[in-house]
Amino acid sequence: DVKVTQSSRYLVKRTGEKVFLECVQDMDHENMFWYRQDPGLGLRLIYFSYDVKMKEKGDIPEGYSVSREKKERFSLILESASTNQTSMYLCASSPTPKGQYGYTFGSGTRLTVV
Amino acid sequence: AQSVTQPDIHITVSEGASLELRCNYSYGATPYLFWYVQSPGQGLQLLLKYFSGDTLVQGIKGFEAEFKRSQSSFNLRKPSVHWSDAAEYFCAVVVPSGTYKYIFGTGTRLKVLA
C-alpha cells in the first residue's frame with residue numbers, strides 16, 4: 001500500500017522555537033505539497049515542490065520554509081513558531097504536476113504553539 | 001477567480017438513508033474534479049475523480065458523483081449510508097491550465113444517526 005508518512009501526529013512547541021515537520025513518500029512521486037488546514041478555511045497551500053531541490057511558494061508561505069534534499073522527503077520548517085501557526089499540517093504527493101490523478105495525503109500533524 | 005462551493009457545512013442522515021453532498025465550481029471550462037474524505041484525525045483520502053469521459057463516476061466505498069456541466073456541479077452520492085461514513089468530505093477542482101492549481105472547498109461534515 002502506497003504511503004505518505006508524516007513523522008509526528010501531535011506536536012506541542014513554544015513560541016519562537018524552530019519547528020521541523022517531516023514528510024516521506026514511498027511512491028517515487030516527484031510532486032509534493034504542504035497544506036495547512038483550519039476550521040472554516042479549508043486547505044491552504046503553503047509550499048510545493050516538483051523536483052529535488054526545487055520549491056515554489058503557495059498561497060500562504062509567510063513564516064515557513066521547506067527543504068527537499070531527496071525525492072522522497074519534503075520538510076516544512078517554521079523558522080520561529082508563533083501561536084497563529086497552530087494548525088493541522090497535511091503533506092501530499094502526486095505522480096504528475098497537473099494533479100489529474102489526485103493527491104495522496106499523509107495523516108497530518110496537529111501542531112500546537114504555546 | 002476560480003472557486004469551489006460546498007453549500008452545506010453540516011449534514012445529518014440516518015444510517016441506511018441516501019446521501020447527496022453538493023459541490024459547485026466557478027470556472028469557464030471543465031476542470032478536473034475530485035471528492036476526498038477525511039476521517040477524524042486523519043488525512044484526506046481520494047474517493048473519486050473526473051477529468052473526461054462518462055459524467056457519472058464510480059468511486060471507492062460505494063460512492064458515486066455526477067458531473068453536470070450546465071449546473072457547474074459535481075455532487076457526491078451514496079444510496080445507503082453506513083455509520084462508518086461519518087466524516088468530513090471535501091470537493092476539489094484543478095483548473096487545467098497555467099499552474100494547474102488545486103482548489104479545495106471548505107468541506108461538509110457528515111453525521112450518521114444509528
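Numbered from 1 within each chain, the chains take letters A, B, ... in sequence-line order. Fair warning: this is a prediction, and the values are worked out from it, not measured in the lab.
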Please check if the number of heavy atoms outside Leu113(B) that lie under 6.0 Å from its CG is greater than 12. yes
Scored by heavy-atom pairs under 4.5 Å with chain A, the best of Ile9(B), Leu44(B), Leu46(B), Val94(B) is Leu44(B)
Is there a path of hydrophobic side-chain contacts, each under 4.5 Å between heavy atoms of I/L/V/M/F/W/Y residues, joining [Y] to [X]?
X         : Y         : result
Phe74(B)  : Leu21(B)  : yes
Leu47(B)  : Phe51(B)  : no
Ile103(B) : Phe67(B)  : yes
Leu56(B)  : Ile60(B)  : no
Val4(B)   : Leu110(B) : yes

Any idea which donor-acceptor pairs are under 3.5 Å between chain B and chain A?
from: Tyr36(B); atom 1: OH; to: Tyr103(A); atom 2: N; distance (Å): 2.8
from: Gln38(B); atom 1: OE1; to: Gln37(A); atom 2: NE2; distance (Å): 2.8
from: Gln38(B); atom 1: NE2; to: Gln37(A); atom 2: OE1; distance (Å): 2.9
from: Gly41(B); atom 1: O; to: Arg9(A); atom 2: NH2; distance (Å): 2.4
from: Gly43(B); atom 1: N; to: Ser107(A); atom 2: O; distance (Å): 3.4
from: Lys101(B); atom 1: NZ; to: Asp59(A); atom 2: OD1; distance (Å): 3.0
from: Lys101(B); atom 1: NZ; to: Asp59(A); atom 2: OD2; distance (Å): 3.3

Options Pro39(A), Gly106(A), Gly58(A), ranked by heavy-atom pairs under 4.5 Å with chain B, top entry: Gly106(A)
Region of Pro97(A) that comes under 4.5 Å of a non-hydrogen atom in chain B: backbone
